[in-house]
**Student:** 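Quick one: the structure is below, questions incoming.
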Amino acid sequence: MRRPDPHSYYDSTQPKTRRLRLKLGVDFAEKRIDGEAILEFGRPGSGSLDLDTKGLEIRSVHVPGQGPIPWELGEADPILGNRLRIQLPPDAQEVAIAYRTAPDAMALQWLEPEQTEGKVAPYLFSQCQQIHARTMVPCQDTPTVRVSYQAEVTVPDGLTAVMSAGPTGDERTRDGRRVFRFAMPQPIPSYLLALAVGRLESRDLSPRARVWAEPETVEAAAWEFAGVEDMILKAEGLFGPYPWDRYDMLVLPPSFPYGGMENPRMTFLTPTLLAGDRSLVDVVAHELAHSWTGNLVTNAGMEHFWLNEGFTVWAERRILRILHGEDAAALGWATGQKALEESLARFKDQPQLTVLRMHLDGVDPDDAFSSIPYEKGARLVAALEREVGEERFLRFLREYMDAFRFTSITTEQFCTFAAAKLPGALEAVDARAYLDRPGMPATAPEFRSVQLDTLTVLAESWKDGGRPSLHQIASWKPSELLVYLQKLPRDLSVADCAWLDEHFHLMGRGNHEILVEWLTLAAAADYEPAFSKIREVLTRVGRMKYLRPLYGALGRHARTRTLAREIFAAASPGYHGLSRRVVQSVLEAYAA
Ligand code: BES
Ligand code: ZN
């Protein structure tokens with residue numbers, strides 16, 4: 001196949017980039033990056049080279065030491081962007097492209113000082129997964145190509161740059177700016193390229209782990225994630241030595257559209273994880289687990305996304321089980337089940353998006369995103385584990401990671417490997433039903449515990465007057481309360497909401513999973529006392545996982561629909577482009 005990835009112009013018969021050298025000038029006034037990208041090839045190449053770009057202004061293309069060479073920018077495809085076709089001279093080793101990013105580049109969010117914690121300096125962060133790297137750097141923007149990189153990032157004085165790479169030094173420039181240098185020696189897919197610039201400080205958490213944040217939140221972040229070294233050790237116990245040298249984390253401003261992003265050596269995290277009680281560190285376990293499942297062994301494209309996320313969710317809950325026990329893991333699976341059911345309902349008219357092995361020619365990866373590759377994928381992994389036994393499965397996983405380390409693979413490659421190493425297991429769990437058929441197989445594993453059953457029975461008895469006892473109210477951990485709220489009926493009355501708020505003090509919760517689950521119930525009940533909190537959360541937080549259900553629940557009543565439109569009009573300039581798109585689609589589905 002000349003073009004193995006439907007989301008990239010990459011042509012496998014052409015030279016393949018092996019190394020990237022970047023010079024990036026960050027211009028906050030213009031909201032643009034002035035860039036030079038030098039793409040080094042694995043071996044000398046000639047003729048056409050097709051690269052992915054989207055919204056980039058190409059200024060020149062040349063072979064270093066030789067001068068300009070011909071290039072041509074194709075028409076804009078709404079999903080793929082513009083193909084940049086370069087004509088390489090014979091035996092070119094590398095090609096240099098000078099370019100500028102567009103102010104609305106999807107990979108980049110430029111924040112005004114008011115959108116940060118300190119409110120005194122602007123902030124920039126990138127989010128390249130799935131296919132937004134091409135709005136930041138011209139490249140072969142497909143995980144089938146892996147590159148090592150080095151970068152030089154020039155930023156205004158007083159600001160700090162971090163990347164998904166190791167720092168190799170920084171200095172003042174003659175014009176009073178600051179240049180930060182980075183190196184990522186291991187080969188990574190383009191979606192793991194990452195940059196953030198802001199007023200940043202760091203705290204060491206262990207000899208190989210550190211957390212970065214704005215000075216105002218760095219202490220809180222250091223406290224919340226203090227247990228990270230322990231997590232790394234537990235993960236190493238499962239998967240073998242940590243392969244990326246350092247594990248640093250960056251806590252971003254609240255508009256960051258995801259909970260976490262596994263950028264190697266620098267996981268990006270939403271500040272909504274700073275609950276004040278370490279109750280949301282499962283997201284760190286997840287991003288850390290990607291160091292093996294995703295970053296070391298990578299999906300060959302979005303059609304195989306479950307290989308990244310399904311394995312990582314399984315790994316996250318495995319780490320959770322070691323750290324906090326069987327019950328805690330069962331609660332994690334229960335929360336996942338809820339997310340899975342919601343995604344299956346959302347895609348009920350697009351069953352082709354509920355299979356694990358997806359077919360996405362012509363489909364925007366961001367539109368195909370859901371909890372299905374995560375939770376259906378994790379259930380397939382768990383089914384295989386149950387089939388062959390825990391020990392044998394772990395041994396298999398280690399072999400899998402050894403065999404495919406630093407490569408990007410397809411579902412078919414995984415199946416071939418699993419069939420060879422675990423003969424009969426795929427058939428025994430009916431893997432085809434997960435991979436190729438919509439919905440959930442009837443034989444999917446279930447995860448139960450006494451505690452989970454208690455919470456379920458109690459929540460289901462709500463309509464018959466069942467209420468938690470004062471002892472339960474006082475003793476539930478955040479994860480128990482969350483599962484209880486998730487299992488309550490969706491059509492509570494105003495009086496029901498008042499009871500819940502009075503007994504659980506929900507409005508003031510620092511755990512955003514609980515807060516947003518509660519506000520979603522309250523929004524659906526047209527519960528006016530929650531409106532100002534809903535407005536506050538929707539204005540401050542850009543995490544899509546929260547925006548979708550909350551705006552969705554506001555669609556239930558005429559009064560809350562008006563509220564939602566009003567909040568969106570005021571808040572959307574502060575949202576990330578991805579978040580804005582998601583909310584728009586939710587609002588468009590409202591009744592008139
Ligand atoms: N890699 C994902 C985030 C992502 C997925 C970004 C697809 C862009 C496109 C990350 O590892 C993730 O899954 N984050 C979750 C956390 C979780 C499941 C614990 C999130 O953001 O909520
Ligand atoms: Zn993930």
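Counting convention: from 1, in listed order, for ligands and their atoms alike.
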**Student:** So is R278 actually on top of W223's ring, under 6.0 Å and inside 45° of the axis?
**Tutor:**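 Checked: cation-pi criterion met.
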
**Student:** So is there a nitrogen or oxygen of Y258 less than 3.5 Å from a nitrogen or oxygen in ligand 1?
**Tutor:**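 N/O-N/O distance under 3.5 Å: no.
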
**Student:** As an exercise, identify every atom of ligand 1 less than 4.0 angstrom from a heavy atom of F305.
**Tutor:**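 Ligand 1 atoms under the 4.0 Å threshold to F305: 5 (C), 7 (C).
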
**Student:** Which atoms of ligand 1 have any heavy atom of Q127 under 4.0 Å away?
**Tutor:**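 Reading through ligand 1 atom by atom, the close ones are 6 (C), 8 (C).
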
**Student:** Is the backbone of T17 close enough, under 3.5 Å, to the side chain of Q140 for a donor and an acceptor to pair up by distance?
**Tutor:**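 Here the side-chain-to-backbone pair exists.
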
**Student:** With heavy-atom distances below 4.0 Å as the criterion, list the atoms of ligand 1 near F369.
**Tutor:**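 Going through ligand 1 atom by atom, the ones under 4.0 Å from F369 are 5 (C), 7 (C).
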
**Student:** So E262 and Q129, do their side chains get closer than 4.5 Å, heavy atoms only?
**Tutor:**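 Heavy-atom side-chain distance check passes, below 4.5 Å.
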
**Student:** Can you name the N, O or S atom of E309 that is closest to the Zn ion (ligand 2)?
**Tutor:**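 Distance check against the Zn ion (ligand 2) picks out OE1 in E309.
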
**Student:** Should H286 be counted as touching ligand 1, given the test is an N or O pair under 3.5 Å?
**Tutor:**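 It does: an N or O of H286 is found under 3.5 Å from an N or O of ligand 1.
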
**Student:** When you measure from the side chain of D52 to the backbone of Y9, do you find a donor-acceptor pair of N or O atoms at a distance under 3.5 Å?
**Tutor:**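 Judged by distance alone, yes, a pair lies under 3.5 Å.
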
**Student:** What atoms of ligand 1 come closer than 4.0 angstrom to any heavy atom of H290?
**Tutor:**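 Going through ligand 1 atom by atom, the ones under 4.0 Å from H290 are 11 (O).
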
**Student:** Give yes if a backbone or side-chain nitrogen or oxygen of E309 is under 3.5 Å from a nitrogen or oxygen of ligand 1, and no if not.
**Tutor:**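 Yes, there is a polar N/O contact under 3.5 Å.
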
**Student:** Side chains of T410 and H304 only: does a donor on one sit below 3.5 Å from an acceptor on the other?
**Tutor:**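 On atom types as modelled, these side chains do not qualify, holding no pair under 3.5 Å.
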
**Student:** Which ligand 1 atoms are under 4.0 Å away from a heavy-atom of Q130?
**Tutor:**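 Per the distance check, 7 (C), 9 (C).
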
**Student:** For atom 15 (C) of ligand 1, what's the nearest protein heavy-atom neighbour? Residue, atom name and distance, please.
**Tutor:**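 So the nearest neighbour among protein heavy atoms is E287 OE2, 4.0 Å.
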
**Student:** Evaluating non-hydrogen atoms only, which member of G259, G260, P257 is closest to atom 14 (N) of ligand 1?
**Tutor:**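 That would be G260.
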
**Student:** Identify, with sequence neighbours excluded, every residue that meets ring-ring contact (aromatic ring centres under 6.0 Å, His included) alongside F256.
**Tutor:**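 F256: ring-ring contact (aromatic ring centres under 6.0 Å, His included) contacts with F125.
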
**Student:** Any heavy-atom pair between the side chains of C139 and L193 that's under 4.5 Å?
**Tutor:**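 No, every pair of side-chain atoms sits at 4.5 Å or beyond.
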
**Student:** What atoms of ligand 1 come within less than 4.0 Å of a heavy atom belonging to M261?
**Tutor:**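 By the 4.0 Å cutoff, the relevant atoms are 1 (N), 6 (C).
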
**Student:** Note the single closest protein heavy atom to atom 13 (O) of ligand 1, along with its residue, its atom name and the distance in Å.
**Tutor:**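 Here the closest protein heavy atom is Y374 OH, 2.7 Å.
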
**Student:** Does the shortest distance from the Zn ion (ligand 2) to an N/O/S atom of E262 fall below 2.8 Å?
**Tutor:**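 No, outside the cut-off.
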
**Student:** Should the pair R540 and Y546 be classed as cation-pi, given the thresholds of under 6.0 Å to the six-membered ring centre and 45° from the axis?
**Tutor:**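 That pair does not qualify as a cation-pi contact.
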
**Student:** To check your reading of the model: name the closest protein heavy atom to atom 22 (O) of ligand 1, its residue, and the distance in Å.
**Tutor:**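 The answer is R543 NH2, 3.3 Å.
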
**Student:** Among F311, W244, F239, whose side chain to side chain contact (heavy atoms under 4.5 Å, CB included) with W292 holds?
**Tutor:**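 By the side chain to side chain contact (heavy atoms under 4.5 Å, CB included) criterion, W292 pairs with just one of F311, W244, F239: F239.
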
**Student:** Short question: side chain of T539, backbone of R535 - any donor-acceptor pair under 3.5 Å?
**Tutor:**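 Yes; at least one donor-acceptor contact below 3.5 Å.
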
**Student:** For ligand 1, note which part of Q129 has a heavy atom under 4.0 Å away: side chain, backbone, both or neither.
**Tutor:**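 Within the 4.0 Å criterion, Q129 contacts ligand 1 through backbone and side-chain atoms alike.
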
**Student:** Is the Lys NZ or Arg CZ of R317 less than 6.0 Å from the centre of W333's six-membered ring, within 45° of the axis?
**Tutor:**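 Yes; both conditions hold, so R317 lies above the ring face of W333.
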
**Student:** To 10°, measure the NE2(H286)-the Zn ion (ligand 2)-NE2(H290) angle for me.
**Tutor:**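 Angle NE2(H286)-the Zn ion (ligand 2)-NE2(H290): 100°, rounded to 10°.
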
**Student:** Which of the atoms in ligand 1, numbered in the order shown and given with their element, are less than 4.0 Å from a heavy-atom of E262?
**Tutor:**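 Those of ligand 1 that fall under 4.0 Å from E262 are 1 (N), 2 (C), 10 (C), 11 (O).
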
